[in-house]
Amino acid sequence: MTRIVVDPVTRIEGHLRVEAVVENGVITDAFSSGTMVRGLEKILIGRDPRDAWAFTERVCGVCTTVHALTSVRAVEDALGIKVPPTAEIIRNIMMAAQQVQDHVVHFYHLHALDWVDVVNCLKADPKKAAELAQSFSKWDKNNTAYFTEIQNKVKKFAETGLGIFANGYWGHPAYKLPPEVNLIAVAHYIDALEWQKELVKIHAIFGGKNPHPNYLVGGVPCSININEVGAINGERLNLVAKLIAQADEFVNEVYIPDLLAVASFYKDWAKWGGGLTNYLSYGEYPTKGYAEVDAFKMSRGVILGRDLSKVLPVNAKDSQEIKEYIAHSWYDYKGGNNEGLHPWAGETEIKYTGPKPPFTSLEGSEKYSFLKTPRWKENPMEVGPLARVLVSYASGHADVKEIVGAVLGKLQVPVAALFSTLGRTGARAVDCALAMNYLKEFFGELMDRVKANDVATFNGEKWDPKSWPSEAEGVGLTEAPRGALAHWIKIKDGAIENYQLVVPTTWNGSPRDVKNQHSSFEASLIGTPVAKLDEPVEILRTIHSFDPCLACSVH
Amino acid sequence: MGLTIWQSMQQKGYSRRDFIQFCTAAATVAGLEHSAVGQVVNAFEKKEKPAVIWMHFQECTCCSESFIRASHPVVLDVLLDVLSLNYTETLMAASGAQAEKSLQDTIKNNKGKYIVLVEGAVPTKDDGVYCMIGGKTAESILQEVSKDAAAIIAWGSCASNGCIQAAKPNPTGATPIHKLVDKPVINVPGCPPIADVMMAVVTHILALGQMPQLDNQGRPKEFYGRRVHDTCYRRAYYDAGLFVEAWDDENARKGYCLYKMGCRGPVTYNACSVVKWNEGTSYPIQSGHGCIGCSEEGFWDNGPFYRHLPKFPGFGIESTADTIGTLVGIATVAGVAAHAVVTNVRKKSVIADVHTEDMKES
Amino acid sequence: MSTTLQPARPTMKKPVDYYRIYVWELPVRLYHGINAVAMILLCVTGYLIGEPHRVFYAAEAYQLYWFGIVRFIHFVSAFIWTFNFAFRIYWGFVGNRYASWRNYFPITKQQRHDIWNVLTTDVLQFRVKNDEIDIGHNSLAAFTYFITFLFFLAQVVTGFALYSSMSTSALPSMFNWIVPIMGGEAVVRFWHHLFMWFFVVFMIVHIYLAFYHDYIEGRGTISSIVGGWKFHREDDDNK
Ligand code: HEM
Ligand code: HEM
Ligand code: NFV
Ligand code: SF4
Ligand code: SF4
Ligand code: F3S
Ligand SMILES: [Mg+2]
């Protein structure tokens, strides 16, 4: 029995430590530990609720935007503010753009190196690579000259030291791609790096900058006026249209084909990494206001025990449904360690009890992470693109079923293959394709509204704190790229009395709960074989399939 | 073999004199004596692209995200040609022990010559347990990597002035880098800083071969020498007194000045209104929201954001200096009036007293 | 040089002798006038800078510069006010005994006694005794002016610190180190704005008290700040 430690887990956001117990080459137990905390829930107390979006947006710069959106929804929910439909569409556009960009960056820059051997691409024949790439994509850079140029770049780079690629697990037997596929993937790694900065210009157009665009309680801060240079006008909308078209091409001609190509060599990973059997999604993209959940593009609900015939309802305001535990987290609750608190009653009293640094192992520490442990009706839940896609699939959304069917068909695997590391990575591509479609659709609707001159972007009825009740409470729910995200707010006398975030990676990456039930990261590692203890690429594959964000999870 | 810095500078038309100047600048950053410049010249001439370590502490990674949004140059060209980024948790291939090896190798093989870029603040409360990497505290890692660094750049408001985690009550004792290392630190504040500004600061050192001129807060004057307000294209409306009075009102749709919506442009030093964000696409004000002052020290505690002045501490959420001032003013007028009344009621005794005295025979 | 005044009420038995004393020299009076005008302008324009009011509708930016003008007035007044104040400090060393800097600090026992006197008699009004009327400032007023001068200084420092970011000329540049020390311009503005209210309150109380003293003491307090002369009772000299 060996305990292997991966710290830092890189190519994620933030500070994650994984300790895994390996017996006879298979992981039998795992510990997922978040090792950085900022205490933002404490910092928010006493602030103006209208400012909260800016604070919470700084929870994460990778999934930037999503906390801001969740926060304004929470405040609007508490105060009963309805945002104008045009503002809702702009928010949807920003959100969908974030999903698409985040998923592509995750695939190429955070996840791909678990499957793609960069150094091995030097052995590829660029001509063959071009032929192969052309067989599954119309992307015009898929040609021999370009692949040769990339190969030369990598060669030159390798000679001067590998920089960010140094000390990777290159040559590890778990890498299975032929050199040509490696070359294609490396070329697109580079292309994706250049492209990712484009789509988020949409955030700059409507929100002034990316990362961290601006939001507004009651609407969006930008005004529309097609007869003014100082507002969202024809020129701005043209730019959005161009960026969307560019993204559409990249997603459908580069990302999805690459994903399918890579995945087809790793079908054995449909066996491992499934982990939990419960899935939670809050649903996303309101089309008739945030309160009308039935009109969301993607459904809200829970799947228990992988039973796709039933989607259970979720009520985030019910004090018995969602609770956070700290039995193994470095916090104190007034009511004791074993209690679970609904977030409206949540507490954030940080108390580190781990070993004194520097340390080599967390073994023997009862508490081992700065993440709290959220549960839905006491059940651990997986959240993320997979959960999102499954809940909408099980709810019978035709567009979701179609794309899932297409992906499974191309890979020739059954639906059950989704419950795995490979399935999680594939579901992200499905989710990205869906978001791309919605993005186009929302933009079309925005143009219709501009044509009809229905351009109000702000509802100011409740802007003035004097119009607020002395006490109010609300919840903002979103589907962030990494899954179900919620903010709970309590407002008293115009100021924040309590503010609690339960974040996708909090669900997935948390330590076990008071009943010793594992959360997603730990559960999905158990049962995975590890070929070389000192190069545990298998751990990275499964952990990365969740796209962990630790700054988010702890906050 | 790849080009040495000297070779690539030669190709770009720099003379040896320029090169020595560059090395002098680098030596100044490293805090070396002038006499040590010769050594540095040799070091750079022989060596490859400068090694760079990017540390992540208490942050949200938005600075990294911003960095990869750069358009001139694009990040890839910099990663491939200008510098050798040997450590950055966000992008590097290696994890765990292999990542640690990359870090140690870089420090060992480039003593006094590598550049440290820091993203994030460092928690100092409770022995630094609030940020740990590989079982070591951020605080100890910062000391370890900065000891032999040639230059330290603090990315973003987190590293430059503490940013959000240092906002009241600063639960973890988040501290900016320059307060923890005894070397000069180039502060590049902003939440995050503008991508092309980050690139320009790096290339200012590596391609122009000069230390950027810094202001008294360690910020490059090039980008932090002017207020957002001074170069804002809405400034004409400000001077004319034409303001947005409410969100999405008629004035907002005309793009008037956002001062009355709480814009912090007048108190914020940054290049947003000139360089702009995302390849010059826009900046907060252009998209209708005021500047929140994200590059200023303590900007989180100077809120709320939708009022021009911070709230007056201790008097509830809506109290401003003006509400307090008005109250005190009214109280004063009332006090003065009461005083006048009392004086008049008592005038017989007060003034009469004087008079009786006056009337005394002498 | 003493003037015999006719008694206020002719039925009174004996007229009291008053004589005129030249208390406020011309520079002090000029200083006072300039100070008063500048300070009112600074408060009004400062308030508008902090809290702009909409005055024009349907105008275009190129037609207007009114906010610029408000700020211009603020800055011009600020410079005048500052130099005026600096001049007054100088005059505190070369002017007459009533202008002397010594008045402003409660250094002597007499001064401290005097402060007590004014507090109990004039401010709180529980004592009826008016035997020690000062010719120049009363000591409490003088001490208050000293406090005021500290606020003058604070306002000048914060004002020029703010101005230093809009100007490269020598005087404002001397203050640019203030900004980081105070924790950024937002903080400097906050204090600069808050101090304004001190001046508003000061002016209310100060003008009231000028009238009050004139009323109670009948020695021409108000006209003195314009003409320079105050009246003094002959019999006070014997005390
Ligand atoms: C009685 C003295 C003064 C008063 C009552 C006063 C009052 C004010 C007020 C209320 C503001 C608005 C602050 C805000 O809300 O942002 C202001 C701004 C300002 N004041 Fe003063 N001030 C005085 C003296 C000075 C002096 C001596 C200077 C030196 C130059 C000065 C320079 C400024 C500057 C530069 C601003 C900022 C204006 C802008 O950015 O447009 N002030 N003042
Ligand atoms: C903005 C308004 C004003 C300000 C800021 C102001 C300020 C001052 C200051 C600083 C002094 C001390 C002078 C020195 O020692 O050089 C003073 C004295 C004086 N001021 Fe004013 N003043 C104002 C308005 C007035 C007005 C309107 C009056 C009368 C109508 C007045 C009457 C006097 C008198 C009588 C003194 C002499 C006080 C004494 O004998 O103790 N002031 N004032
Ligand atoms: N987990 C997480 Fe996020 C996302 N997606 C937040 O809600 O990444 Ni930073
Ligand atoms: S400075 Fe701001 S943007 Fe950069 S890491 Fe810190 S919170 Fe994120
Ligand atoms: S919008 Fe802001 S930065 Fe621009 S002129 Fe107005 S106050 Fe200044
Ligand atoms: S909020 Fe920050 S991005 Fe620029 S305009 Fe203000 S400094
Ligand atoms: Mg939380």
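Just so it is clear, the model here is predicted, and its values are computed rather than measured.
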J.: For the atom pair OH (Tyr130(B)) and CD1 (Ile350(A)), what is the distance rounded to the nearest 0.5 Å?
T.: 6.0 Å
J.: Any side-chain heavy-atom pair from Thr160(A) and Ser84(B) closer than 4.5 angstrom?
T.: no
J.: Is a side-chain donor or acceptor of His212(A) paired with a backbone partner of Cys62(B) at a separation under 3.5 angstrom?
T.: no
J.: I'd like to know if the side chain of Ser287(B) and the backbone of Ala204(A) have a donor-acceptor N/O pair within less than 3.5 Å.
T.: yes
J.: Just by distance, no angles: are the side chains of Gln165(B) and Arg58(A) close enough, under 3.5 Å, to form a donor-acceptor pair?
T.: no
J.: Does a side-chain heavy-atom distance below 4.5 Å link Ile43(A) with Lys168(B)?
T.: no
J.: Would you compute the distance between atom CG of Leu110(A) and atom CG of Leu91(B) and round it to the nearest 0.5 angstrom?
T.: 7.0 Å
J.: Which answer fits Phe370(A), side chain, backbone, both or neither, if we ask what part of it has an atom under 4.5 Å from a heavy atom of chain B?
T.: side chain
J.: Side chain, backbone, both or neither: which part of Ile224(A) has a non-hydrogen atom closer than 4.5 Å to chain B?
T.: backbone
J.: Using only atom types and a distance under 3.5 Å, with no angle test, would you say the side chain of Arg47(A) pairs donor to acceptor with the backbone of Trp300(B)?
T.: yes
J.: Hey, could you give me the CG/SG distance between Asn214(A) and Cys294(B), rounded to the nearest 0.5 Å?
T.: 9.0 Å
J.: Just give me the residue among Val200(A), Ile232(A), Thr360(A) that pairs up with chain B most often, heavy atom to heavy atom, under 4.5 Å.
T.: Val200(A)
J.: On a heavy-atom basis, which atom in Gly208(A) and which in Trp277(B) lie closest, and how many Å separate them?
T.: O-CB, 3.9 Å
J.: Can you name the nearest heavy-atom pair linking Leu113(A) to Ala93(B), along with the distance?
T.: CD1-CB, 3.8 Å
J.: With the threshold set at 4.0 Å, does a side-chain nitrogen-carboxylate oxygen contact exist between Arg253(B) and Glu228(A)?
T.: no
J.: By a 4.5 Å heavy-atom criterion (distance strictly below it), what part of Thr457(A) contacts chain B: side chain, backbone, both, or neither?
T.: both
J.: Taking every non-hydrogen pair under 4.5 Å, which of Gly218(A), Gly460(A), Pro357(A) racks up the most with chain B?
T.: Pro357(A)
J.: Identify which of Ser95(B), Cys131(B), Ala70(B) forms the greatest number of heavy-atom pairs closer than 4.5 Å to chain A.
T.: Ser95(B)
J.: For the backbone of Ser223(A) and the side chain of Asp248(B), can you confirm whether one donor and one acceptor N or O come within less than 3.5 Å of each other?
T.: no
J.: Shortest non-hydrogen contact from Ala99(B) to Thr10(A)?
T.: CB-CG2, 4.3 Å
J.: I'd like to know which of Gly219(A), Ala551(A), Ala231(A), Ala456(A) tops the heavy-atom pair count under 4.5 Å against chain B.
T.: Ala456(A)
J.: Output the distance between atom SG (Cys60(B)) and atom NE2 (His555(A)), rounded to the nearest 0.5 Å.
T.: 14.0 Å
J.: What are the two closest heavy atoms between Leu216(A) and Tyr306(B), and how far apart are they?
T.: CD1-OH, 3.7 Å
J.: How about Glu13(A) and Thr61(B): does a side-chain donor come under 3.5 Å of a side-chain acceptor?
T.: yes
J.: If you count heavy-atom pairs under 4.5 Å between each of Val118(A), Ile190(A), Leu40(A) and chain B, which one has the most?
T.: Ile190(A)
J.: After noting the C-alpha distance and the side-chain angles of Met132(B) and Met36(A), does the key distance pass the side-chain contact (heavy atoms from CB on, under 4.5 Å) rule?
T.: CA-CA 6 Å; Met132(B) 300 180 292; Met36(A) 188 276 277; over 6 Å; no
J.: Do Tyr352(A) and Asp126(B) come close enough that some side-chain heavy atom pair is under 4.5 Å?
T.: no
J.: Take Glu65(B) and Thr64(A), measure what side-chain contact (heavy atoms from CB on, under 4.5 Å) needs, and give me the verdict at the end.
T.: CA-CA 9 Å; Glu65(B) 286 286 342; Thr64(A) 183; over 6 Å; no
J.: Ring-plane angle category for His289(B) and Trp53(A), please: parallel below 30°, perpendicular beyond 60°, tilted otherwise.
T.: perpendicular
J.: Using modelled atom types and a 3.5 Å cut-off, is there a donor and acceptor pairing between side-chain atoms of Gln286(B) and backbone atoms of Ile205(A)?
T.: no
J.: Tell me, for Ile12(A) versus chain B, whether the close heavy atoms (under 4.5 Å) come from the side chain, the backbone, both or neither.
T.: backbone
J.: With the side chain counted from C-beta on, respond yes when Arg38(A) and Thr172(B) share a heavy-atom pair under 4.5 Å apart, and no when they do not.
T.: no
J.: Taking all non-hydrogen atoms of both residues into account, name the closest pair between Gly135(B) and Asp7(A) and its distance.
T.: N-OD2, 3.5 Å
J.: Can you tell which part of Gln101(A) gets under 4.5 Å to a heavy atom of chain B, answering side chain, backbone, both or neither?
T.: side chain
J.: Given that the side chain runs from C-beta out, which part of Glu57(A) has a heavy atom under 4.5 Å from chain B: side chain, backbone, both or neither?
T.: neither
J.: Between Asp81(B) and Lys153(A) (salt bridge meaning N to carboxylate O under 4.0 Å), is one present in this structure?
T.: no
J.: Checking side-chain polar atoms at under 3.5 Å, does Lys209(A) have a donor or acceptor matched by the opposite partner on Ser282(B)?
T.: no
J.: Do other residues, nucleotides or ligands put more than 12 heavy atoms under 6.0 Å from Glu461(A) CD?
T.: no
J.: Give me the atom names and distance for the closest heavy-atom approach of Ala166(A) to Ala94(B).
T.: O-CB, 3.6 Å
J.: Please check this pair: side chain of Gln196(A) against backbone of Ile68(B), looking for a donor-acceptor N/O pair closer than 3.5 Å.
T.: yes
J.: By a 4.5 Å heavy-atom criterion (distance strictly below it), what part of Arg11(A) contacts chain B: side chain, backbone, both, or neither?
T.: both
J.: Would a distance-only check, ignoring hydrogens and angles, find a side-chain to backbone donor-acceptor pair under 3.5 Å from Thr35(A) to Ile133(B)?
T.: no
J.: By a 4.5 Å heavy-atom criterion (distance strictly below it), what part of Val37(A) contacts chain B: side chain, backbone, both, or neither?
T.: both
J.: Can you confirm whether Val220(A) sits close enough to Trp247(B) that some side-chain heavy atom of one is under 4.5 Å from a side-chain heavy atom of the other?
T.: no
J.: For the candidates Lys101(B), Arg234(B), Met261(B), Glu100(B), which exhibits the highest count of non-hydrogen atom pairs separated by less than 4.5 Å from chain A?
T.: Lys101(B)
J.: Measuring from Leu162(A):CG to Leu85(B):CG, what's the distance to the nearest 0.5 Å?
T.: 12.5 Å
J.: Between CG of Leu550(A) and CD of Glu89(B), what distance do you get to the nearest 0.5 Å?
T.: 10.5 Å
J.: Does any backbone or side-chain atom of Phe206(A) lie under 4.5 Å from a heavy atom of chain B? Answer side chain, backbone, both or neither.
T.: backbone
J.: Step by step, work out the side-chain contact (heavy atoms from CB on, under 4.5 Å) result for Asn278(B) and Lys197(A).
T.: CA-CA 7 Å; Asn278(B) 306 93; Lys197(A) 70 184 198 306; over 6 Å; no
